[in-house]
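Structure first, then comments.
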Amino acid sequence: MRFSTAIVRVPGLSYADGLTTSAEGRPDIGRARAQHADYCKALRACGVQVTQLPADERFPDGTFVEDTAVIAERVAIITRPGAASREGEVPAVAAALRQFRPALEQIESPGSVDGGDICQAEEHFFIGISARTNQDGAAQLAAILARHGYTASLVDIRAHRSLLHLKSGITYLGERRFVIARDAPRPAGLAPYELIEVDTAEAYAANGIRVNDFVLVAAGFPRLAARLDELGYAVRCLEVSEFRKMDGGLSCLSLRF
Ligand code: CIR
């Protein structure tokens with residue numbers, strides 16, 4: 001799938017007050033903003049036009065826009081994020097998205113879905129059931145996707161405490177290949193795909209993004225970068241230390257379509 005557009009949101013001054021389980025320390029907002037600017041620059045270099053939303057200080061996790069929507073070629077869905085503190089992030093993203101995709105579908109209460117749990121591989125969606133995405137939300141999402149001709153299957157990641165979201169441990173690269181952390185759950189239905197396994201020491205790097213002719217991966221994980229390079233991918237490594245401190249990664253920082 002080729003992307004022409006991305007929506008991002010600049011980290012606000014309240015960024016460090018967001019949700020996290022990480023023991024990596026408090027993020028530095030200046031550094032986070034610099035890393036965010038580099039991320040936007042990398043997206044542009046991949047051929048994507050970047051729409052940048054202003055920060056809203058009421059929502060410290062607002063920079064992780066991926067969780068607020070699921071966007072495919074034939075349908076765009078506004079989610080209902082699983083953390084109560086994040087629900088208010090949705091209207092601004094929905095308004096921006098409507099400029100591009102006027103007909104938005106929506107996940108309704110009591111369902112909850114975080115976009116980080118949704119991994120699209122061509123016409124199929126793997127939907128993680130997590131502390132954020134519940135069964136009801138997953139069922140609503142699968143039904144919406146089915147109406148638009150996509151298939152979906154559920155992957156329960158609740159026993160995998162180190163994974164906030166399904167995509168914290170898995171990335172669809174295209175070409176029927178996944179990058180997957182060695183300790184991440186193996187969803188049913190992976191048999192037709194080639195798996196590029198990431199060893200435990202580099203597990204964080206399993207969250208990356210394929211953007212057109214490039215694969216963006218977190219800096220500091222040389223074995224995965226070398227393997228992707230060997231496979232012929234154009235790899236760009238980006239520093240995301242300040243997002244890791246808040247349990248975020250490369251995919252969380254944008255909605256791509
Ligand atoms: C949260 O806990 O909701 C944020 N601090 C991190 C969200 C990361 N999003 C993602 O992986 N899609």
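All values derive from a computational prediction rather than experimental measurement. For ligands, and for the atoms within them, numbers begin at 1 and follow the listed sequence.
Closer than 4.0 angstrom to ligand 1 by heavy atom are Leu19, Asp61, Phe64, Glu66, Asp67, Arg86, Gly116, Arg132, Leu164, His165, Met246, Asp247, Gly248, Cys252, sorted by chain and number.
When atom types are taken as modelled, the side chain of Gln140 and the backbone of Glu108 share a donor-acceptor pair closer than 3.5 angstrom.
For the side chain to side chain contact (heavy atoms under 4.5 Å, CB included) criterion with Thr133, the lone passing option out of Asp117, Ile157, Leu154, Val155 is Asp117.
In this structure, Arg177 is not positioned above the aromatic face of Tyr193 in the sense of NZ or CZ being under 6.0 Å from the six-membered ring centre and within 45° of the axis.
Pairs of residues two or more places apart, or lying in two chains, that qualify as ring-ring contact (aromatic ring centres under 6.0 Å, His included) and include a residue from residues 85-115 are Phe100-Phe257. Listed by first then second residue, pairs satisfying ring-ring contact (aromatic ring centres under 6.0 Å, His included) with a partner in residues 226-252 read Tyr15-Phe243, not counting sequence neighbours. Contacts classified as ring-ring contact (aromatic ring centres under 6.0 Å, His included) and involving residues 128-155 (residues at least two apart or in different chains) are given here: Phe125-Tyr150.
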